[in-house]
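Residues take their numbers from the sequence shown, with the count starting at 1.
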Amino acid sequence: MQLTEQQQDKLGKVQLEQSWKYSLADFLLSPLMDNLRDFLVQEKQAQKLVYPPSKQIFNALNTTPLDQVKVVILGQDPYHGPNQANGLSFSVQRGITLPPSLRNIFHELHTDLGVPMSNHGDLTKWANQGVLLLNSVLTVEAGQPTSHQKRGWEEFTDHVIDVLNEQREHVVFILWGAYAQRKGQRIDRNKHLVLTAAHPSPLAANRGGFFGCKVFSKTNNYLKQNGIEPIDWQLDA
């Protein structure tokens, strides 16, 4: 899109990786994004604690540029406990106890590919290899799960998915649970691989449909079939 000088100035203030910034420019310059930005400012003015920290809100996009995305793991909203959220879906800061969902993910990874269980939950190594760890909603109020839903983030991340769907090929979308699967209905299955399973949360996973889904081996097999370097899922100690 052709930008005016005023729009270029406004876009220049957005702390977002360049390839994403210009691919998402129409949304970033829209009234919906203005409303979302105003909401976050009001939350902070009201002395509400918001996770993740401001510099990590776009961590998933900043760590995994558009042209490097091989895999998308779609989450719902950030962890709402102290020092947990780091802007990557399902990931937590090093030194934080593994949340139950992430522990189940590591268990499935171990049974699927034999990868040893990690003693930390920082998934940055995955993100650096092209795994876009995208939450549908990118912020949350401390101690208040889903508190920032329906404020505009869902439309923003729909736009992210649309950009990937249209501009890339052979991306693997991993959709755990009904929420992620509904959001993934916009993906072209002729261009991309969509893998679905139950959510890894204990309640859903223990009902069946998550353990044994083998999404990690299926992902790597698909990438290799299309001449793409597979993901090394083992995290550093």
Side-chain angles (χ1 to χ4, degrees), residues 1-3 7-30 32-33 36 52 54-75 78 86-91 122-139 152-176 180 183-196 215-236:
M1 62 184 291
Q2 194 71 27
L3 301 178
Q7 288 175 321
Q8 288 176 343
D9 288 343
K10 185 176 179 180
L11 204 58
K13 296 175 183 176
V14 179
Q15 301 299 307
L16 185 59
E17 190 274 332
Q18 292 294 99
S19 64
W20 282 116
K21 182 185 291 190
Y22 288 100
S23 295
L24 300 168
D26 53 346
F27 189 93
L28 293 170
L29 295 169
S30 71
L32 196 58
M33 191 68 194
L36 177 54
S54 297
K55 290 183 178 179
Q56 292 185 321
I57 289 174
F58 292 125
N59 197 19
L61 300 173
N62 287 334
T63 308
T64 314
L66 174 59
D67 64 351
Q68 295 178 23
V69 176
K70 302 176 183 180
V71 182
V72 179
I73 298 181
L74 191 61
N86 63 3
L88 306 176
S89 64
F90 296 102
S91 176
D122 182 0
L123 305 182
T124 302
K125 182 182 176 182
W126 295 1
N128 285 333
Q129 294 178 79
V131 182
L132 181 64
L133 296 161
L134 182 68
N135 278 316
S136 176
V137 175
L138 300 190
T139 57
W153 279 129
E154 292 91 344
E155 290 82 0
F156 174 76
T157 51
D158 278 348
H159 210 64
V160 171
I161 292 172
D162 288 344
V163 166
L164 285 165
N165 190 41
E166 293 162 11
Q167 297 188 22
R168 299 296 312 281
E169 290 185 345
H170 307 309
V171 172
V172 181
F173 290 84
I174 297 176
L175 309 178
W176 286 319
K183 195 171 180 72
Q185 290 173 355
R186 58 208 304 120
I187 301 164
D188 184 351
R189 268 69 170 173
N190 294 315
K191 288 175 64 178
H192 308 286
L193 176 65
V194 177
L195 298 175
T196 62
V215 296
F216 301 103
S217 58
K218 290 175 181 176
T219 292
N220 278 356
N221 288 339
Y222 177 83
L223 293 175
K224 286 186 282 189
Q225 288 166 10
N226 287 283
I228 301 168
E229 184 74 20
I231 306 300
D232 175 8
W233 297 103
Q234 183 168 342
L235 297 178
D236 301 322

Is the closest side-chain heavy-atom distance between [X] and [Y] below 4.5 Å?
| X | Y | value |
| --- | --- | --- |
| V71 | F216 | no |
| F173 | L74 | no |
| D158 | K183 | yes |
| I228 | Y222 | no |
| W20 | N62 | no |
| S89 | N135 | yes |

So how far is it from Q185 CD to I187 CD1, rounded to the nearest 0.5 Å? 9.5 Å

Please enumerate all residues that pass ring-ring contact (aromatic ring centres under 6.0 Å, His included) together with W126, with sequence neighbours excluded. W233

Please name all residues satisfying ring-ring contact (aromatic ring centres under 6.0 Å, His included) with F156, sequence neighbours left out, ordered by chain then number. F27, F58, W153

Report yes or no: does Q129 contribute a side-chain atom to a donor-acceptor pair with the main-chain N or O of D232 at less than 3.5 Å? yes

So which pairs with a foot in residues 65-74 pass side-chain hydrogen bond (donor to acceptor under 3.5 Å, both in side chains), sequence neighbours left out? none

Steps toward side chain to side chain contact (heavy atoms under 4.5 Å, CB included) verdict (L132, L61): CA-CA 7 Å; L132 181 64; L61 300 173; 4.0 Å; yes

Checking T64 against V131 for the side chain to side chain contact (heavy atoms under 4.5 Å, CB included) test, could you report, in this order, the C-alpha distance in whole Å, the side-chain angles of both residues, the deciding distance, and whether it holds? CA-CA 7 Å; T64 314; V131 182; over 6 Å; no

